[in-house]
There are 2 protein chains.
Amino acid sequence: MMTMLQAYNVYEDRCPTRLVLDRLADKWALLILDRLESGPVRFNHLRRDIKGISQKVLSQTLKKLERDGLLSRAVFATVPVTVEYTLTPLGRTLTQTVAALAHWAEHNMDAVLAAQEAYDTAPSAR
Amino acid sequence: MMTMLQAYNVYEDRCPTRLVLDRLADKWALLILDRLESGPVRFNHLRRDIKGISQKVLSQTLKKLERDGLLSRAVFATVPVTVEYTLTPLGRTLTQTVAALAHWAEHNMDAVLAAQEAYDTAPSAR
DNA sequence: CGGGATCCGAGCAGATACTG
DNA sequence: CAGTATCTGCTCGGATCCCG
């Protein structure tokens, strides 16, 4: 199954997998997907929770993720209007992997920061 | 949200985990790490294998990954000089997750592409 | 072979203002 | 509340040339 589907080489340029990987290789997208894992969240709630993201970038990123079928957008005719973002089943299959990446970052950041310091203070010819 | 191990909140700005995640959220970095999984590779070999990457970006990305302690750089005094890039033990712990992400992209790209097409051809008020 | 240095253009991000 | 619109940097990436 796995071998059959692999009609494309990941390292090849212009392969569809690259397009998907490229979309996923986005700090904000990863954070948003991770944040939605626990359930639907409204726009300004996301904006508040994900510190440092601008309203424009949040809007753009949400639109891309919706286009990719990873999350869905639900509008409720309240006053004022309410919009909820929810992971689709497809998106939910991804969050496991995203969470794994986040956990790796969390558990290994000390090692990474130590490596950076060692690298920066190294007197060798760089 | 999460629980015990989380001394930092991933969604907080300026948290170290964010810095690491940000580094990982790089298409080229992911491809390079994935490519090095099977063993040491030389500079121009990487350049050839990872289609579409420029020499400058390859060089920059390798330097960042080395600084993060994810890969090591070995110079051999041949003529001309040979440079090999190898995953460090730390880097090797990451490739499992990176590979999982690549596999997800590969197995689900059809669904993603279908979702994109549906989104683009939708007549609804967007 | 394995890069560094430089120049340049496109795109992305920030800030601000406005709207249904 | 949940965005859109616009303007303005400013960084990133590509291309080119050069070197030990």
Side-chain angles (χ1 to χ4, degrees), chain A residues 11 13-14 18-19 21-32 35-36 39-68 71-86 119 122 124-126, chain B residues 11 13-14 18-19 21-32 35-36 39-68 71-86 119 122 124-126:
Chain A
Y11 304 110
D13 206 358
R14 318 207 43 70
R18 276 265 196 109
L19 296 177
L21 247 191
D22 202 15
R23 172 64 37 82
L24 265 37
D26 175 350
K27 167 176 132 187
W28 299 122
L30 293 178
L31 287 171
I32 291 172
R35 181 63 192 81
L36 288 183
V41 186
R42 284 180 298 105
F43 185 87
N44 276 338
H45 201 137
L46 275 172
R47 183 154 155 60
R48 275 191 303 271
D49 282 0
I50 302 180
K51 308 271 165 60
I53 194 172
S54 74
Q55 149 275 136
K56 187 175 80 173
V57 173
L58 175 58
S59 175
Q60 289 173 345
T61 308
L62 286 171
K63 216 174 286 182
K64 287 180 191 173
L65 292 173
E66 186 195 0
R67 179 170 180 266
D68 290 343
L71 57 80
S72 61
R73 184 172 177 274
V75 184
F76 300 98
T78 53
V79 178
V81 70
T82 303
V83 180
E84 265 185 9
Y85 291 91
T86 316
Y119 184 96
S124 66
R126 206 87 77 173
Chain B
Y11 306 110
D13 206 357
R14 318 207 46 70
R18 276 265 195 110
L19 297 178
L21 248 190
D22 201 15
R23 172 63 36 82
L24 265 38
D26 176 352
K27 166 178 133 187
W28 299 122
L30 292 178
L31 287 171
I32 290 173
R35 181 62 191 81
L36 288 182
V41 186
R42 284 180 299 105
F43 186 87
N44 276 337
H45 201 136
L46 276 172
R47 184 154 154 61
R48 276 191 302 273
D49 282 0
I50 303 180
K51 307 271 165 60
I53 194 171
S54 73
Q55 168 270 318
K56 186 174 84 172
V57 173
L58 176 57
S59 175
Q60 288 173 344
T61 309
L62 286 171
K63 217 174 283 183
K64 288 179 189 170
L65 291 174
E66 185 194 0
R67 179 169 181 266
D68 290 343
L71 56 81
S72 61
R73 183 172 178 273
V75 183
F76 300 97
T78 53
V79 177
V81 70
T82 302
V83 180
E84 266 185 9
Y85 292 91
T86 316
Y119 184 96
S124 65
R126 205 88 78 176

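Heavy atoms only: backbone and side chains are in, while hydrogens, waters and symmetry mates are out.
When all heavy atoms of A:Phe43 and A:Gln55 are compared, the pair lying nearest together is CZ-O, 3.9 Å. Annotation for A:Arg47 and A:Ser54: closest pair NH1-C, 3.8 Å, computed over non-hydrogen atoms.
Atom CD of B:Gln55 and atom P of C:dG4 are 7 Å apart (whole Å). Remark: P of D:dA15 and CZ of B:Arg47 are 10 Å apart, rounded to the nearest angstrom. For A:Trp28 and C:dA13, the CH2 to P distance is 9 Å, given to the nearest whole Å. The distance between atom NZ of B:Lys27 and atom P of C:dG11, rounded to the nearest whole Å, is 14 Å. The interatomic distance linking A:Phe43 (CZ) with C:dG20 (C1') rounds to 15 Å, in whole Å. For the pair B:Lys51 NZ and D:dG14 C1', the computed distance is 19 Å after rounding to whole Å. The interatomic distance linking B:Leu58 (CG) with C:dG4 (C1') rounds to 14 Å, in whole Å. The interatomic distance linking A:Arg23 (CZ) with C:dC12 (C1') rounds to 14 Å, in whole Å.
Residue A:Lys63 has its side chain nearest to D:dT4 when only C:dG3, D:dT4, C:dG2 are considered. Looking at the side chain of A:Val57, the nearest of the listed nucleotides C:dG14, D:dG3, C:dG4 is C:dG14.
For C:dG3, the OP1/OP2 oxygens have a side-chain nitrogen or oxygen of B:Tyr85 closer than 4.0 Å. Side-chain N/O atoms of A:Arg73 include one lying less than 4.0 angstrom from OP1 or OP2 on D:dG3. Contact check, B:Ser59 against C:dG2: no side-chain N or O comes under 4.0 Å of OP1 or OP2. When the side-chain nitrogen and oxygen atoms of A:Ser54 are compared with OP1 and OP2 of C:dG14, one or more of them lie within a distance under 4.0 Å.
Looking at which nucleotide of DNA chain D each of A:Gln60 and A:Pro80 is closest to, the 5′-most match is held by A:Pro80. Toward the 5' end of DNA chain C, the nearer of the two residues A:Ile53 and A:Val81, judged by each one's closest nucleotide, is A:Ile53.
Residue B:Arg42 is in sugar-phosphate contact alone, with no base atom involved, counting any heavy-atom pair closer than 4.0 Å across all strands shown.
A:Lys56 contributes a side-chain N or O that forms a donor-acceptor pair with the base of C:dG14 under 3.5 Å.
Using a 4.5 Å cut-off on side-chain heavy atoms (C-beta onward), B:Asp22 and B:Leu19 make no contact.
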